[in-house]
Amino acid sequence: MGSAGDWCTVESDPGVFTLLIQKFGVKGVQVEELWSINDCIFENLRPVHGLIFLFKYVQHEEPSNPVVTDNRLENIYFAKQVINNACASQAVINMLLNCNHPDVYLGPELTKFKEFTMSFDPYMRGLTLSNSQTIRAAHNSMSRPCLFEFDAKTPSKEEDAYHFISYMPINGRVYELDGLREGPIDHGPVNPGQDWLDIVCPIICTKVNTYLDNEINFSLMALISNRKMVYERKIYYLTEDTRRMQTDEAEQEIRNLQMLIELEDTKMMTYQQELARRTHNYLPFIITLLQILAEAKKLMPMYEKAKERALKRDRNLQA
């Protein structure tokens with residue numbers, strides 16, 4: 001795999017992924033974090049277009065099912081990851097470009113990208129993705145600022161690496177989209193009337209259970225239709241119904257949906273605020289504050305007091 005270059009790491013956070021998707025120009029979807037994978041947790045999230053899974057990467061791990069390398073790749077969008085640190089955008093884009101749902105609007109950038117690269121093989125798709133200035137700029141806009149430059153070094157063997165993959169139904173089958181594979185992993189058909197989530201949840205549980213008991217660094221998020229859009233659509237239909245036949249239940253449901261819309265607006269505003277704080281460079285402020293404290297002869301006394309507290313805390317821990 002190529003050097004990380006100027007692709008940053010992206011945090012596993014639903015707000016970060018939601019805003020990243022918006023930066024790509026995509027509308028109609030958002031990302032929600034999942035704290036469990038039982039049936040009831042998906043009830044208020046449907047439709048679920050895909051799942052994003054973060055786990056500790058293990059080299060040379062054999063795939064649990066067949067890897068697709070046949071002519072199905074002509075109809076499945078799969079880009080192989082050819083550069084480090086790009087797996088977050090890779091997992092999201094592989095999902096979005098396979099998503100065939102009326103709620104999902106790809107926008108001009110990803111639409112053109114898909115049309116241009118659909119005839120490529122997975123490696124060339126990944127290479128084109130890694131060289132897309134627009135996608136890379138959106139990806140890097142989610143990163144924390146790098147306050148200091150360090151000489152490049154080879155990671156130690158003990159250093160853990162984490163990796164994003166995605167799961168979704170495509171053409172009646174469930175696929176695992178892992179950019180480090182040669183193609184999608186086929187997890188079998190979705191039978192008529194069957195929920196694809198009933199197939200993928202045991203697969204994720206099995207993957208989690210292969211790790212040691214003390215390994216807890218997993219993250220699971222769902223790509224779902226924009227909740228505000230879903231609630232507004234329900235209000236529209238309920239309003240049409242109440243014009244024909246007014247009912248107290250419908251009016252109460254409309255009020256509940258309006259409250260949920262307000263909560264979604266608040267959540268999106270919080271995402272924006274958190275991103276602004278995450279990406280802001282606080283170094284000039286810190287340097288200025290230290291200069292002011294030094295000029296006021298307060299810096300060294302504060303340093304000595306903090307040092308004394310730290311030593312006291314260490315002694316208490318050792319006691």
Side-chain angles (χ1 to χ4, degrees), residues 1-24 30-33 35 52 54-57 83-92 130 132-164 214-219 221 265-319:
M1 191 183 300
S3 168
D6 51 0
W7 286 73
C8 69
T9 56
V10 171
E11 296 179 39
S12 179
D13 179 87
V16 169
F17 274 76
T18 297
L19 296 177
L20 175 62
I21 289 170
Q22 291 177 5
K23 289 274 188 178
F24 291 150
Q30 67 187 66
V31 174
E32 289 291 320
E33 189 160 23
W35 298 102
I52 306 166
L54 174 71
F55 63 100
K56 185 189 290 186
Y57 176 67
I83 192 167
N84 293 328
N85 293 345
C87 62
S89 287
Q90 193 102 22
V92 169
S130 67
S132 168
Q133 296 291 343
T134 303
I135 293 174
R136 181 168 53 189
H139 177 101
N140 286 344
S141 69
M142 300 293 113
S143 69
R144 298 183 184 275
C146 182
L147 303 183
F148 303 99
E149 294 291 337
F150 298 96
D151 291 335
K153 64 177 183 177
T154 304
S156 66
K157 292 183 179 179
E158 293 78 16
E159 189 175 345
D160 292 333
Y162 291 89
H163 183 50
F164 288 102
N214 59 355
E215 177 58 53
I216 59 172
N217 294 310
F218 300 100
S219 174
M221 296 178 286
D265 286 337
T266 302
K267 181 170 65 178
M268 292 302 164
M269 188 181 302
T270 302
Y271 286 168
Q272 294 284 358
Q273 291 172 345
E274 289 176 348
L275 180 64
R277 291 169 182 154
R278 180 184 290 108
T279 58
H280 183 73
N281 183 1
Y282 290 93
L283 186 58
F285 164 75
I286 294 170
I287 292 174
T288 302
L289 177 61
L290 292 175
Q291 288 174 338
I292 293 172
L293 291 172
E295 291 170 359
K297 308 297 184 184
K298 295 181 179 180
L299 182 59
M300 290 309 297
M302 291 177 66
Y303 167 76
E304 293 297 336
K305 189 178 292 186
K307 183 178 177 181
E308 184 180 339
R309 284 200 302 267
L311 291 172
K312 184 178 180 179
R313 184 177 63 248
D314 290 342
R315 286 195 295 266
N316 291 336
L317 291 174
Q318 294 172 3

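Annotation: Glu304, atom CD; neighbour count of heavy atoms from other residues, nucleotides and ligands within 6.0 Å is above 12.
Distance NE2/His139 to OG/Ser132: 12.0 Å, rounded to 0.5 Å. Here the OH-CD distance, from Tyr271 to Gln22, works out to 10.5 Å after rounding to the nearest 0.5 Å. With rounding to the nearest 0.5 Å, the separation of OG in Ser143 from CH2 in Trp7 is 12.0 Å. Taking NZ from Lys23 and OG1 from Thr134, the interatomic distance works out to 12.0 Å, rounded to the nearest 0.5 Å. The distance from the CD atom of Glu274 to the CD atom of Gln272 is 10.5 Å, given to the nearest 0.5 Å. Here Gln291 contributes atom CD and Leu293 contributes atom CG; the two are 10.5 Å apart, rounded to the nearest 0.5 Å.
Contacts of Ser12 classified as side chain to side chain donor-acceptor pair (under 3.5 Å), with partners at least two apart in sequence or in another chain: Ser219. Scored by the salt bridge (charged side-chain N to carboxylate O under 4.0 Å, His left out) test, Lys267 finds Glu32, Glu264 as partners (sequence neighbours excluded).
Contact between Ser89 and Leu20 at its shortest, heavy atoms only, is OG-CD2, 3.8 Å. Nearest approach of Arg136 to Ser130, heavy atoms of both residues: NH1-O, 4.1 Å. In terms of heavy-atom proximity, Met221 sits nearest to Phe164 at CE-CE2, 4.3 Å. For Phe17 against Glu11, the heavy-atom pair with the smallest separation is CE1-O, 3.3 Å. Across Met142 and Val16, no two heavy atoms sit closer than the pair SD-O, 3.5 Å.
Side-chain atoms of His163 never come within 3.5 Å of backbone atoms of Phe55 as a donor-acceptor pair (strictly under, hydrogens ignored). Not a single donor-acceptor pair under 3.5 Å links the side chain of Thr18 to the backbone N or O of Gly15.
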Requested in this report: Report the C-alpha separation of Met269 and Asp265 in whole Å, then their side-chain angles, then the decisive distance to 0.1 Å, and conclude whether the side chain to side chain contact (heavy atoms under 4.5 Å, CB included) test is met.
Outcome: CA-CA 6 Å; Met269 188 181 302; Asp265 286 337; 5.9 Å; no
Query - Candidate pair Lys312 and Arg315, rule side chain to side chain contact (heavy atoms under 4.5 Å, CB included), full reasoning - result: CA-CA 5 Å; Lys312 184 178 180 179; Arg315 286 195 295 266; 3.9 Å; yes
